[in-house]
Every structure is written in C-alpha cells, then in structure tokens.
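Computed from a predicted model, the values in this text were never measured in an experiment.
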Amino acid sequence: MAGKRAALKAIDWLAFAERVPPNQRAMFNNLKTRSDAIGAKLSSLPEKPVTIDWSFYKTNVARAGMVAEFESKFSSLTIPEPKDTATAAINAQEAEANKAAVAYVEASKARIGQYEKELEKFQNMIPFDQMTIDDLNDTFPETKLDKEKHPYWPHKPIAEL
C-alpha cells in the first residue's frame, strides 16, 4: 500500500440484490464473491509495508556502494496516487438522472390525475345497456357521425374507419 489505506465505501448488498433482475442473479453473485475476495485480500495486507533492513544487506553484499545506491534511490522513490477524474462526471450524470426522474414523477402524477378523472367519468356514466345514441354521443363525442359533412353512409371518411 502507498502509506495510507484508501477509504472504502460500504456496499449495501441487500439493497443491491433487490434491484438485480432474476436473469442476472448469477452475474451478481459472481460480482459479490469477487468483491468479497478482493476486500479480504486487501484487509489482510499490512497498512505500512515491511521496512527494509539495509544494515543486513550492507554486511552481506560484496560490492561496495551498491546497497547505499539502492537505499538512496528507494528513499527518494515516490509513487504518485492516481488523480480522481471520474467523480465529477459521475456526479453530474447522477444530478442529470435525478432531474429526469423528478420530471418523470411529476409527469406521471399529472397522468394519474387525468386517468382518475377519466375513471370517475366512466364510473358515473349511464350503463351502456341503458344508453341511447344521444347519450352515447354526449358521453363520447368522437362517436358522433357528421351527416352534414359526410351525407352518405358511413358518415365518416374511410381513412378514419
């Protein structure tokens, strides 16, 4: 490890499993198994690497100056941590998805209101077996025949039949 242990986010596997469709359950189980194996291996590693005993190598290596050179190069070695370039894009995508979800919910609520009005209209109308043609045309104006515009049967353009 590079001196400090990276903070890992805890994954709520139960909530994740609820959203997995049945046909992808095997892939989900493989992902969880692999994630658990990687997490176990990561937690088994020490937080700081084992220190090198340079004095042992200075006494056992025959070539003079070689260990001192390695020690100086090793102490000057710095391993850069990767920069986070994806989080901003992911957060922007998440915000955009949240806006789309809110808009969808609002549109759905509006549709539900329209459907409830339509349902109320159907529940309060006269039963079909008791309706006259005039009642039917009043309740459903699209069924009214336009005999003035189309005087011959079927009183509608053929394209609308």
Side-chain angles (χ1 to χ4, degrees), residues 1-57 66-128 131 135-146 149 156-161:
M1 302 223 102
K4 67 177 183 178
R5 189 169 299 261
L8 298 175
K9 283 189 173 180
I11 299 173
D12 187 2
W13 289 104
L14 293 176
F16 193 2
E18 290 174 356
R19 291 174 173 82
V20 176
N23 62 340
Q24 295 178 355
R25 190 67 68 176
M27 291 190 303
F28 169 74
N29 290 335
N30 291 340
L31 172 70
K32 184 174 181 332
T33 303
R34 185 171 174 139
S35 175
D36 291 344
I38 290 171
K41 183 169 182 160
L42 184 63
S43 65
S44 70
L45 296 174
E47 190 167 333
K48 292 186 177 183
V50 179
T51 58
I52 299 173
D53 184 13
W54 295 107
S55 60
F56 171 78
Y57 289 107
M66 182 180 207
V67 176
E69 180 185 348
F70 281 159
E71 185 178 4
S72 66
K73 286 183 179 179
F74 183 78
S75 62
S76 66
L77 176 69
T78 57
I79 300 172
E81 292 186 21
K83 294 180 180 176
D84 185 10
T85 58
T87 301
I90 290 171
N91 290 341
Q93 188 178 14
E94 181 182 13
E96 193 174 306
N98 286 339
K99 286 180 186 175
V102 168
Y104 179 77
V105 167
E106 293 299 322
S108 295
K109 287 180 181 178
R111 284 193 307 271
I112 289 171
Q114 291 173 347
Y115 295 148
E116 285 175 346
K117 288 178 185 174
E118 200 171 317
L119 178 63
E120 185 179 337
K121 174 182 140 183
F122 288 136
Q123 289 173 339
N124 294 332
M125 73 180 190
I126 302 170
F128 282 111
M131 274 189 184
D135 292 334
L136 178 71
N137 290 337
D138 289 341
T139 307
F140 301 103
E142 66 272 6
T143 62
K144 187 173 184 175
L145 301 176
D146 189 3
K149 188 173 181 184
K156 280 188 172 185
I158 293 177
E160 292 181 14
L161 294 178

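- Met125 approaches Thr139 most closely through the heavy-atom pair SD-CG2, 3.8 Å.
- Asn137 and Thr143 get closest at one heavy-atom pair: OD1-OG1, 3.2 Å.
- Contact check for Phe74 versus Glu71: no side-chain heavy atoms found under the 4.5 Å cut-off.
- The salt bridge (charged side-chain N to carboxylate O under 4.0 Å, His left out) search around Lys32 returns Asp36, not counting sequence neighbours.
- For Glu69, the salt bridge (charged side-chain N to carboxylate O under 4.0 Å, His left out) partners at least two apart in sequence or on another chain are Lys73.
- Other residues, nucleotides and ligands contribute more than 12 heavy atoms inside 6.0 Å of the CZ atom of Phe140.
- Note that CG of Leu77 is 11.0 Å distant from OG of Ser72, once rounded to the nearest 0.5 Å.
- Put simply, the side chain of Thr87 never gets that close to the backbone of Asp84: no donor and acceptor are under 3.5 Å apart.
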Check: residues 99-117 side-chain donor-acceptor pairs under 3.5 Å, at least two apart:
unit_1	atom_1	unit_2	atom_2	d
Ser108	OG	Tyr104	O	2.9
Ser108	OG	Arg111	NH2	2.9

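- Counting all heavy atoms, side chain and backbone alike, Val20 lies closest to Gln24 at CG1-O, 3.6 Å.
- Note: Ser75 OG to Phe70 CZ = 13.0 Å, rounded to the nearest 0.5 Å.
- In plain terms, the two heavy atoms of Pro141 and Asp138 that are nearest each other are CD-O, 4.2 Å.
- By the 4.5 Å heavy-atom criterion applied to side chains, Glu94 and Asn91 are counted as neighbours.
- Within 6.0 Å of atom CD in Gln93, 12 or fewer heavy atoms from other residues, nucleotides or ligands are found, so the atom counts as exposed in its surroundings.
- Within a 6.0 Å sphere centred on NZ of Lys121, heavy atoms belonging to other residues, nucleotides or ligands number more than 12.
- A donor-acceptor contact shorter than 3.5 Å is absent between the side chain of Arg34 and the backbone of Asn29.
- A donor-acceptor pair is defined here as one N or O able to donate and one able to accept, closer than 3.5 Å; such a pair exists between the side chain of Ser43 and the backbone of Gly39.
- The backbone N or O of Ala15 lies less than 3.5 Å from a partner atom in the side chain of Arg19, making a donor-acceptor pair.
- Residues Tyr57 and Val67 come closest through the heavy atom pair O-CG2, 3.6 Å.
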